[in-house]
*Asks:* 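Before anything else, here's the structure in question.
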Amino acid sequence: MAKELTTRVENYSQWYNDLVIKAELADNSAVRGCMVIRPNGYAIWEKMQAQLDKMFKETGHVNAYFPLFIPKSFFSREASHVEGFAKECAVVTHYRLKNSPDGKGVVVDPEAKLEEEYIVRPTSETIIWDTYRTWIQSYRDLPILVNQWANVVRWEMRTRLFLRTAEFLWQEGHTAHATREEAITETEKILDVYADFAEKWMAIPVLKGLKSPNERFAGAVETYCIEALMQDGKALQAGTSHFLGQNFAKAFDVQFLNKENQLEYVWATSWGVSTRLMGALIMSHSDDHGLVIPPKLAPTQVVIVPIYKTDDQLKQISEKVVEIMAALRSKGITVKYDDRDTFKPGWKFNEHEFKGIPVRIAIGPRDLENGTVEVARRDTLEKSVYQITDLETKIEHLLESIQQNLYQKALAFREENTFKADTWDEFKRILDTTGGFISAHWDGTPETEQKIKDETKATIRVIPLNNKQEEGKCIYTGNPSKQRVIFARAY
RNA sequence: CGGGGUGUAGCGCAGUCCGGUUAGCGCACCUGGUUUGGGACCAGGGGGUCGAUGGUUCGAAUCCAUUCACCCCGACCA
C-alpha cells in the first residue's frame, strides 16, 4: 500500500482529508454527510470514551439513554433553542413503506403518515427535560446527574470527516439542580474535566473560558468552552459546557418543592464532546509522515517488527519477542507483534509510522547476539538501540516522555501562535499571515463581533476564565473595553 | 442552497475536444522463484455494466439531457 500524503504546507485541508482516509480512520458513506468510522478510528474513539466515562463517573454522574426521536412540538417550547436548531433537523413523517404500484422497489405508504412528526435529535435537552418533569418533585430528588452516549443528527450543508458530519457520536450530560450556584459549579466542574482530558490524554493544550453571546448555545444562559489551536492556525472548539439557567425548566414546567415548601424552577446544565475530538487529535499532532497518536489514546502503543532471513532466525526472534511482550504487558502496555511474512520490514516501518503507533521495536539476529533491540519513537522519528534488560520499564518511560513531548510541542506551537493586536491593521495582518489566536480588546457588543466576522471571518473563540481586566480600546470601534478576548478563524 | 471542478480496475491517472477493432498505464492484488536492519526484483496472471438514467447514432467512455456523489469557494452553522 503506497501512501502518498499531501504535505501540510502544500494544502493543509487536503492533508487532513487524505490522512483520515488513508490511515483508515473513516470513510465517506453512501449517506450524504455521514461517515463510516473504521476500526482504526473507532478504536481511538473507544479509548476516549472509556476515559471520559470514567471521569464522569468519578464526578458522580450516571449513564442513561433517551430516544433518538423527539416529538416536533417539544422543540418549539424553548424559543432560542428551536431557532438555533430548526434549520438542520431531519424529520420523520411516516412509519411504513409499501411495494411500489409500478412494481419497482418500495415507496412511502401515504396511509402511514404520523399524526405528530418526529425530529431526529440534534441534541436531547427537550426530550430529557420533558422526562425530568416526571422525575422531580422535591429538592430531595435533586441533583440529577445524567450522561448519555448517543448519536445525533444535524443536517449540515458542508461536512468534513470527524470535524463536521451530519450524524456524529457524542456524549451529552444533562443535570438538574436546586440552586443556580450549584448548576454553575457543575458547568465549571465539567469544563475542568474536559480540559483535563484534552491536556492529559489527548496532549492538546486548551483555553478555558466563556463564549460570547453570538457563539452561545441555543437555549443557554452561558456557554463555557475549551478551545484548541490547530497546526494551520485555525481554532477548534473541542468541548462545551452550558449553564442553562431555568430556561428548560420553565419551558417544560419542571418545578420542585424546596425546604421552605415553595415551588421553584429547576436549574440546569448540559455539556458535550463529540467525535469531533478525533479531528482535533489528528490535526494537533500528526505530520507529513502520517498520524501521530499520543500513547495514552493509541490502541496499539508498541509494535514489534522481526528482521530475519531464515525461518530459523524468525523462530529464535519470536521466542524472544514472546518474552518481551509478556514483560511489556505486565506494565499495561498494549503491544502487537507484526510477524507477517508477506511484507518486508521497511514496508512495515512505513506502515506503522503512517498509522501513528507511538513506539516501534525492531529485533533481528544482530540484536539477539547483542541482547539489544532497536527502538523508534513516532513523535521525533528518532531511533536508538536499547539493552533488552528491563526493557518494559524503559518503554514505559519512553511512552510517558512521548506523551509529554507531544503536549509540550503543541503548547509551544500555541504560544508561538498567540498574538496581541492593538490596531485593526495588525489584527488583519495576523489573520492573513500566520493565523492563530489573537488577543484583542472588544467593546462587548454582538454587533461589533458580527462586523469583525463579516470582514475577516474571525470570531471570538473564548473569553478566558479569570481574564485579566485592563482598560483598552476596541480593536474595531475604538470604544472603551475592559478586557482582551481571544479571536481566531475557526473550524 | 449558489459558483467552479472531478467521477474510467482497490488507489492514482491517460483516453473524451475531433464517436469507430478487444478501453490503456503506474501502484496494489494473485502464482512461481530469488529476496528481507527503511516502501525488493524478475517472469507470468486476474480484475472494468467507463458514477447512474434516458436520448442521438449503423456504432457512445467520447455527443445531448437529466440525476447522484465527492472536492474547492461562498451562504448557513456549531
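Bear in mind the structure is a predicted one, so any value in this text is a computation, not a measurement. A note on names: the letters A, B, ... follow the listed sequences, proteins ahead of strands, and every chain is numbered from 1.
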*Asks:* Expressed as a whole number of angstroms, how long is the span from A:Asn350:CG to B:G37:P?
*Replies:* 12 Å

*Asks:* Pick the P atom in B:U49 and in B:U8, then give their distance to the nearest Å.
*Replies:* 11 Å

*Asks:* Say we look at B:A28 and B:A9: how far apart would their C1' atoms be, to the nearest angstrom?
*Replies:* 11 Å

*Asks:* Whole-Å distance between B:G37 P and A:Glu369 CD?
*Replies:* 17 Å

*Asks:* May I ask you to evaluate whether A:Lys344 reaches the phosphate of B:A40, defined as a side-chain N or O under 4.0 Å from OP1 or OP2?
*Replies:* yes

*Asks:* How far, in whole Å, is B:C29 from B:C77 if one measures between their P atoms?
*Replies:* 48 Å

*Asks:* Between the protein and nucleotides 70-75 of chain B, list every N/O to N/O distance that falls short of 3.5 Å.
*Replies:*
unit_1, atom_1, unit_2, atom_2, d
B:C72, OP1, A:Ser13, OG, 3.3
B:C72, OP1, A:Asn17, ND2, 3.4
B:C73, OP2, A:Arg158, NH2, 2.5
B:G74, OP1, A:Lys457, NZ, 2.3
B:G74, N7, A:Arg158, NH1, 3.4

*Asks:* Suppose we screen for side-chain hydrogen bond (donor to acceptor under 3.5 Å, both in side chains). Which residues come up paired with A:Gln148, at least two apart in sequence or across chains?
*Replies:* A:Ser124, A:Glu172

*Asks:* Once you apply a heavy-atom cut-off of 4.0 Å, does A:Glu353 come out as touching a base, just sugar-phosphate, or nothing?
*Replies:* base

*Asks:* Is the distance between the ring centroids of A:Trp271 and A:His61 less than 6.0 Å?
*Replies:* yes

*Asks:* Test: salt bridge (Lys or Arg N to Asp or Glu O under 4.0 Å). Region: residues 209-219 of chain A. Which pairs qualify, not counting sequence neighbours?
*Replies:* A:Lys211-A:Glu227, A:Glu215-A:Arg461, A:Arg216-A:Glu222

*Asks:* Please name all residues satisfying side-chain hydrogen bond (donor to acceptor under 3.5 Å, both in side chains) with A:Asn417, sequence neighbours left out, ordered by chain then number.
*Replies:* none

*Asks:* Using atom CG of A:Asp338 as one end and atom C1' of B:U36 as the other, report the distance to the nearest whole Å.
*Replies:* 13 Å

*Asks:* For A:Glu88, which contact category applies under a 4.0 Å heavy-atom criterion: base, sugar-phosphate, or nothing?
*Replies:* sugar-phosphate

*Asks:* Is there a donor and acceptor pair, one atom on the side chain of A:Lys348 and one on the base of B:G37, closer than 3.5 Å?
*Replies:* no

*Asks:* Using atom C1' of each nucleotide, how far apart are B:G10 and B:G48 to the nearest Å?
*Replies:* 12 Å

*Asks:* Using the side-chain hydrogen bond (donor to acceptor under 3.5 Å, both in side chains) criterion, which residues pair with A:Thr334? Sequence neighbours excluded.
*Replies:* A:Gln301

*Asks:* Sort out the partner of B:C70 for me: Watson-Crick or G-U wobble, both distances under 3.5 Å, none otherwise.
*Replies:* B:G5

*Asks:* Report the distance from atom CD1 of A:Ile317 to atom P of B:U36, rounded to the nearest whole Å.
*Replies:* 13 Å

*Asks:* Is A:Tyr491 touching bases, backbone alone, or none of the nucleic acid, heavy atoms closer than 4.0 Å?
*Replies:* base

*Asks:* Could you note down all residue pairs passing salt bridge (Lys or Arg N to Asp or Glu O under 4.0 Å) where residues 282-295 of chain A supplies at least one of them, sequence neighbours left out?
*Replies:* A:Arg8-A:Asp288, A:Asp287-A:Arg378

*Asks:* When the ring centroid of A:Phe162 is compared with that of A:Trp45, is the distance short of 6.0 Å?
*Replies:* no

*Asks:* Could you check how far CD1 of A:Ile363 sits from C1' of B:G37, rounded to whole Å?
*Replies:* 12 Å

*Asks:* Hey, could you give me the CG/CG distance between A:Asp232 and A:Asn11, rounded to the nearest 0.5 Å?
*Replies:* 10.5 Å

*Asks:* What is the distance, to the nearest angstrom, from the CG atom on A:Asp341 to the C1' atom on B:G33?
*Replies:* 14 Å

*Asks:* Provide the distance between the two P atoms, one in B:U56 and one in B:C13, to the nearest whole Å.
*Replies:* 34 Å

*Asks:* Expressed as a whole number of angstroms, how long is the span from A:Phe343:CZ to B:A28:C1'?
*Replies:* 10 Å

*Asks:* Write down the partner of B:U31 under the Watson-Crick or G-U wobble criteria, each distance required to be under 3.5 Å.
*Replies:* B:A43

*Asks:* Going by side-chain contact (heavy atoms from CB on, under 4.5 Å), A:Phe74 matches just one of A:Thr126, A:Ile119, A:Val82. Which one?
*Replies:* A:Thr126

*Asks:* Check the distance between B:U35's C1' and A:Asp311's CG and give it to me in whole angstrom.
*Replies:* 13 Å

*Asks:* Looking for any heavy atom pair under 4.0 Å, which part of the strands does A:Arg360 touch: base, sugar-phosphate only, or nothing?
*Replies:* base

*Asks:* For B:U21, give its Watson-Crick or G-U wobble partner with both distances under 3.5 Å, or none.
*Replies:* none

*Asks:* Taking the C1' atom of each, how far is B:G51 from B:A40, in whole Å?
*Replies:* 37 Å

*Asks:* Using purine N1 to pyrimidine N3 plus N6-O4 or O6-N4 for Watson-Crick, or N1-O2 and O6-N3 for G-U wobble, both under 3.5 Å, which nucleotide pairs with B:G48?
*Replies:* none

*Asks:* When you compare B:G19 with B:G59, how far apart are their P atoms, in angstrom units rounded to a whole number?
*Replies:* 15 Å

*Asks:* Let's test this: given Watson-Crick or G-U wobble pairing with both distances under 3.5 Å, identify the partner of B:A65.
*Replies:* B:U53

*Asks:* Say you pick atom P in B:C27 and the same atom in B:U35; how far apart are they, in whole Å?
*Replies:* 23 Å

